[in-house]
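Owing to the predicted nature of the structure, the values given are computational and were not obtained by experimental measurement. If you read the sequence from its start, that first residue is 1, and numbering goes on from there.
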Amino acid sequence: MSYEFVSQRYPQLQVIGPAGRARFDGGRFVTDDPALGEALRSLPGIECVSAPEPEGEGPPERPAKSATKGDWVAYAVASGADRETAEAATKDELIERYGGEG
């Protein structure tokens with residue numbers, strides 16, 4: 001599975017760093033490189049909308065209310081939601097449905 005990112009603020013963003021190069025086109029970037037994917041997750045202005053789930057681990061920990069929508073989508077999908085439905089929901093709807101106690 002790939003990492004998918006969006007950047008509404010910087011739709012033509014290009015990131016170059018130790019983990020590699022990411023060139024956003026129309027605000028979207030997809031990579032199969034785990035090092036690059038994890039490095040991009042920590043950058044401001046970029047939202048991770050999908051990422052591979054770690055192998056051999058149990059269900060992910062419920063994200064904090066302040067977590068990104070991408071984190072809430074991943075949590076909802078791991079909790080049994082359909083990815084398309086989770087991505088269509090707002091962050092507040094995901095928090096309401098999947099427990100915003102975090």
Side-chain angles (χ1 to χ4, degrees):
M1 183 171 169
S2 301
Y3 290 83
E4 182 178 357
F5 298 91
V6 295
S7 176
Q8 293 178 356
R9 190 172 192 186
Y10 309 107
Q12 301 304 86
L13 178 68
Q14 181 170 321
V15 178
I16 301 171
R21 169 185 267 175
R23 176 174 272 157
F24 284 70
D25 184 24
R28 295 185 102 48
F29 176 74
V30 178
T31 183
D32 290 328
D33 181 340
L36 181 56
E38 289 303 318
L40 289 173
R41 289 182 83 160
S42 65
L43 297 178
I46 299 173
E47 182 178 354
C48 181
V49 294
S50 69
E53 292 187 29
E55 294 181 25
E57 294 183 16
E61 186 175 322
R62 181 178 51 224
K65 286 184 180 181
S66 61
T68 66
K69 179 183 174 189
D71 290 339
W72 277 100
V73 167
Y75 181 73
V77 170
S79 298
D82 172 69
R83 177 165 297 282
E84 222 173 272
T85 302
E87 288 176 351
T90 66
K91 179 179 162 182
D92 288 339
E93 289 170 338
L94 294 170
I95 290 170
E96 184 178 319
R97 287 184 206 149
Y98 297 97
E101 301 286 323

Of the non-hydrogen atoms in [X] and [Y], which two are nearest, and what is the gap between them?
X	Y	result
Tyr75	Pro63	CG-CD, 3.5 Å
Leu13	Ser7	CD2-OG, 4.4 Å
Ala19	Ala35	CB-O, 3.7 Å
Gln12	Gly26	OE1-N, 2.9 Å

**Message:** Are there over 12 heavy-atom neighbours, none belonging to Gln8, within less than 6.0 Å of that residue's CD?
**Reply:**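 Result for CD/Gln8: open.
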
According to a hydrophobic-cluster definition based on side-chain heavy atoms being under 4.5 Å apart (Ile, Leu, Val, Met, Phe, Trp, Tyr only), do [X] and [Y] belong together?
X	Y	answer
Val77	Ile95	yes
Tyr10	Leu43	yes
Val6	Leu40	no

For the side chain to side chain contact (heavy atoms under 4.5 Å, CB included) test, which of [options] pairs with [X]?
X	options	result
Lys69	Val49, Leu94, Asp92, Thr90	Leu94
Arg41	Asp71, Thr68, Ile46	Asp71
Val73	Glu87, Glu47, Lys91	Glu87

**Message:** Are the side chains of Val15 and Arg21 in contact, using a 4.5 Å heavy-atom criterion?
**Reply:**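 They are not in side-chain contact.
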
**Min side-chain heavy-atom separation Tyr98-Arg62 under 4.5 Å** =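 The answer is no; the side chains never approach within 4.5 Å.
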
**Request:** Specify whether Phe5 and Tyr3 have parallel, tilted or perpendicular ring planes, treating 30° as the upper limit for parallel and 60° as the lower limit for perpendicular.
**Result:**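 Answer is parallel, since the angle falls under 30°.
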
**Message:** Students often mix this up, so state it plainly: with edges at 30° and 60°, are the rings of Phe24 and Phe29 parallel, tilted or perpendicular?
**Reply:**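 Rings of Phe24 and Phe29: tilted, as their planes differ by 30° to 60°.
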
**Message:** When you measure from the side chain of Ser2 to the backbone of Glu4, do you find a donor-acceptor pair of N or O atoms at a distance under 3.5 Å?
**Reply:**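 It does not hold such a pair.
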
**Message:** Let me confirm one number: the CG-CD distance from Asp33 to Glu38, rounded to the nearest 0.5 Å.
**Reply:**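 If we round to the nearest 0.5 Å, Asp33:CG and Glu38:CD are 10.5 Å apart.
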
